[in-house]
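Have a look at the structure below before the remarks.
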Amino acid sequence: MQMSADNVTRLVPPLIALQFAAFGWRINREISVGDAGRKTWLPLADTLNVVSMLSVIAFLVIIPLATDAFEKVGRAVLAAGYLLLSFHPITMAGHYRLFSKLGRSIYAHKGKDYPYATGQELFFFVLSLFLAAGCAWLVVRSP
């Protein structure tokens, strides 16, 4: 069953709003962390969220407005965007090592600073990239 362009475009504003909200939460957290004198950075999940948000805006807002067309690539970006958004909290949980009983305390025990990316975070980050690519490929290849 093929979705009409009208039905697909209704999915764009909620995705952009959710991506923007996720990014806003990160910025608020990093501002308070920076104000406390601690090191700040954007974790991998948030960096990928920004790239996805910019892709959604480019392929689902700007290009369709400029060309009066809605291509399969736009649908693929939309599907991948929702998948990446669904993995954002899981990858962030990996960033804070919430799937481990010791959490991030293992770094304090070893006398190390927190790493830019944890092993759990990298696992979910790579998994989300593969699944988003597969999802986009399915949409592009669909009749």
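In terms of hydrophobic clustering, with Ile, Leu, Val, Met, Phe, Trp and Tyr side chains grouped at heavy-atom distances under 4.5 Å, Leu85 and Val51 are assigned to different clusters. Trp137 and Phe130 end up in different hydrophobic clusters when Ile, Leu, Val, Met, Phe, Trp and Tyr side chains are linked at under 4.5 Å. Residue Leu138 is not grouped with residue Leu129 when hydrophobic side chains (ILVMFWY) are merged at heavy-atom distances under 4.5 angstrom, including chains of intermediate members. Hydrophobic cluster membership differs between Leu78 and Val139, with clusters built from Ile, Leu, Val, Met, Phe, Trp and Tyr side chains linked at under 4.5 angstrom.
The shortest heavy-atom contact between Cys135 and Ala80 is SG-N, 4.4 Å. In terms of heavy atoms, Leu48 sits closest to Ser128 at CD2-OG, 4.0 Å. Pairing each heavy atom of Gln120 with each of Ser100, the nearest pair is NE2-CB, 3.3 Å. Of all heavy-atom pairs spanning Ala22 and His88, the tightest one is CB-CE1, 4.1 Å. Between Arg75 and Leu60, the closest heavy-atom pair is N-CD2, 4.4 Å. Here the shortest heavy-atom pairing between Leu11 and Tyr82 reads O-OH, 2.7 Å.
Among residue pairs with one or both ends in residues 19-28, those qualifying as salt bridge (Lys or Arg N to Asp or Glu O under 4.0 Å) are Arg26-Glu30, Arg26-Asp46; sequence neighbours excluded.
If you take NZ on Lys72 and CZ on Arg141, they are separated by 9.0 Å, rounding to the nearest 0.5 Å. Expressed to the nearest 0.5 Å, how far CH2 of Trp25 lies from CZ of Phe20 amounts to 12.0 Å.
Just one of Leu15, Ile57, Leu84 meets the side chain to side chain contact (heavy atoms under 4.5 Å, CB included) condition when paired with Ser52; it is Leu84.
Ring geometry, Trp41 versus Tyr116: the interplanar angle falls from 30° to 60°, so the pair is classed tilted.
Grouped by direct or indirect side-chain proximity (heavy atoms under 4.5 Å, Ile/Leu/Val/Met/Phe/Trp/Tyr only), Leu83 sits with Phe87, Ile90, Phe99, Phe123, Phe124, Leu127, Leu131.
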Task: Trace of the side-chain contact (heavy atoms from CB on, under 4.5 Å) decision for Leu44 with His95 - done: CA-CA 8 Å; Leu44 291 173; His95 175 75; over 6 Å; no
